[in-house]
Amino acid sequence: MKLSVKMIAELIGTFWLVLGGCGTALFGGVGFLGVSLAFGLTVVTMAYGVGHVSGAHLNPAVSLGVFVNGRMTLREMIAYWAAQFLGASLAATALYVIGSSIDGWNAGVFAANGYGADFAAAAGAGYQTVGLVGAFLAEALLTFVFLIVILGATDERGAGKFAGLAIGLCLTLIHLISIPLTNTSVNPARSFSQCLFANADGWSAWSDLWLFIVAPLVGAALAGLAYKVFQSKAN
């Protein structure tokens with residue numbers, strides 16, 4: 001499969017993840033459980049929609065973990081990153097245009113990620129005031145587990161046709177745990193895209209963005225290395 005075709009698949013898949021997940025958070029009125037399910041469903045649907053084309057990474061952290069594990073080249077990873085950030089940004093733009101057509105609508109937090117008292121106050125009811133260390137640890141650990149599930153489910157000895165379901169359910173659980181803490185990133189492209197239009201009084205999404213890039217990448221890289229242990233034990 002040509003790399004350009006894989007990039008198109010990643011762009012479309014990441015577009016759907018942000019449109020479906022963040023769109024539900026912005027317009028769905030379904031609470032944390034509903035948003036968690038929405039993110040999980042975007043992954044499940046795209047795993048079967050484009051998984052056979054690109055692997056349906058939909059997330060720069062996933063691509064990094066796959067690269068560290070030795071399943072893709074550096075060139076492929078960088079190309080995937082470009083497609084993922086573009087797809088996420090296009091989805092955020094679409095959400096902003098849709099929201100702007102609603103009478104009295106204000107972007108506010110715009111489903112962006114954050115931590116600390118200012119973020120919790122801007123995000124509203126149900127959000128906890130978590131500090132920098134707690135937010136970093138949550139994002140890194142949850143991304144680590146997410147990558148272990150992904151690498152295991154897509155292993156030739158793994159879940160096979162049920163891999164997409166396992167991965168989507170894992171992402172749902174991740175959101176159930178961490179939406180009240182950070183609005184759940186585990187995905188640098190998703191975090192970056194929402195910063196483009198977030199406009200909340202007393203809090204800047206851009207000031208917190210670094211954590212939602214660094215922590216998921218750290219967790220993913222560690223998972224990529226850790227899974228090599230499982231691979232070596234199987235040989």
Side-chain angles (χ1 to χ4, degrees), residues 17-18 20-40 42-43 58-62 64-65 84-85 88 92 95 106-150 167-223 226:
L17 182 143
V18 172
C22 293
T24 301
L26 289 169
F27 310 129
V30 293
F32 292 166
L33 175 59
V35 175
S36 300
L37 288 170
F39 272 103
T42 62
V43 170
L58 322 181
N59 180 340
V62 173
L64 176 63
Q84 290 155 358
F85 274 98
L95 290 172
N106 188 319
V109 171
F110 199 63
N113 301 113
Y115 64 92
D118 290 342
F119 167 73
Y127 286 86
Q128 306 296 322
T129 300
V130 60
L132 187 155
V133 174
F136 193 100
L137 188 60
E139 288 289 331
L141 285 175
L142 291 172
T143 308
F144 176 89
V145 173
F146 191 38
L147 262 294
I148 292 295
V149 171
I150 290 170
I167 295 165
L169 288 173
C170 181
L171 189 61
T172 298
L173 178 55
I174 284 170
H175 278 77
L176 287 172
I177 296 167
S178 58
I179 286 179
L181 302 176
T182 64
N183 239 1
T184 309
S185 171
V186 301
N187 185 334
R190 169 260 189 276
S191 295
F192 171 81
S193 67
Q194 301 314 112
C195 286
L196 296 174
F197 300 103
N199 184 29
D201 292 336
W203 171 75
S204 169
W206 291 108
S207 65
D208 291 350
L209 178 61
W210 70 271
L211 186 146
F212 301 102
I213 293 176
V214 176
L217 293 180
V218 169
L222 291 175

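One finds the CG atom of Leu217 at 11.0 Å from the CG atom of Leu222 (value rounded to the nearest 0.5 Å). Here CZ of Phe39 is found 8.5 Å from CG of Asn187. Values are rounded to the nearest 0.5 Å. The structure places CD1 of Ile174 at 9.0 Å from CD of Glu139, a figure rounded to the nearest 0.5 Å. Atom CG of Asn106 sits about 7.5 Å away from atom CG of Asp201, to the nearest 0.5 Å. Atom CG of Leu176 and atom CG of Leu171 lie 10.0 Å apart (nearest 0.5 Å). Going from atom CG of Asn59 over to atom CD1 of Ile150 covers 7.0 Å, rounded to the nearest 0.5 Å.
Taking each heavy atom of Ala223 and Leu147 in turn, the nearest pair found is CB-CB, 3.4 Å. Closest of all the heavy-atom pairs between Leu181 and Phe119 is O-CE2, 4.0 Å. For the residue pair Ala112 and Gln194, the shortest heavy atom distance occurs at CA-CB, 3.7 Å. The heavy-atom pair separating Pro216 from Ser185 by the smallest distance is CG-OG, 4.2 Å. Ala220 approaches Ala61 most closely through the heavy-atom pair CB-O, 3.0 Å. Between Ile148 and Ala226, the closest heavy-atom pair is CD1-CB, 4.3 Å.
Residues Ser191 and Leu209 have side chains in contact (heavy-atom distance under 4.5 Å, counting atoms from C-beta outward). At a threshold of 4.5 Å between non-hydrogen side-chain atoms, the residues Trp206 and Phe192 count as touching. The closest side-chain heavy-atom distance from Val218 to Phe144 is not below 4.5 Å. Inter-residue side-chain proximity for Val35 and Cys22 is flagged as unmet; no heavy-atom pair is nearer than 4.5 Å.
Side-chain atoms of Arg190 come within 3.5 Å of backbone N or O of Thr184 as a donor-acceptor pair. The backbone N or O of Thr182 lies less than 3.5 Å from a partner atom in the side chain of Asn113, making a donor-acceptor pair. In this structure, the side chain of Asp208 engages the main chain of Tyr115 through a donor-acceptor pair within 3.5 Å.
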field: Stepwise side chain to side chain contact (heavy atoms under 4.5 Å, CB included) check, Leu95 with Phe110
entry: CA-CA 9 Å; Leu95 290 172; Phe110 199 63; 4.0 Å; yes
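For residues 119-130, the set of pairs meeting the side-chain hydrogen bond (donor to acceptor under 3.5 Å, both in side chains) definition, not counting sequence neighbours, comprises Tyr127-Asn183.
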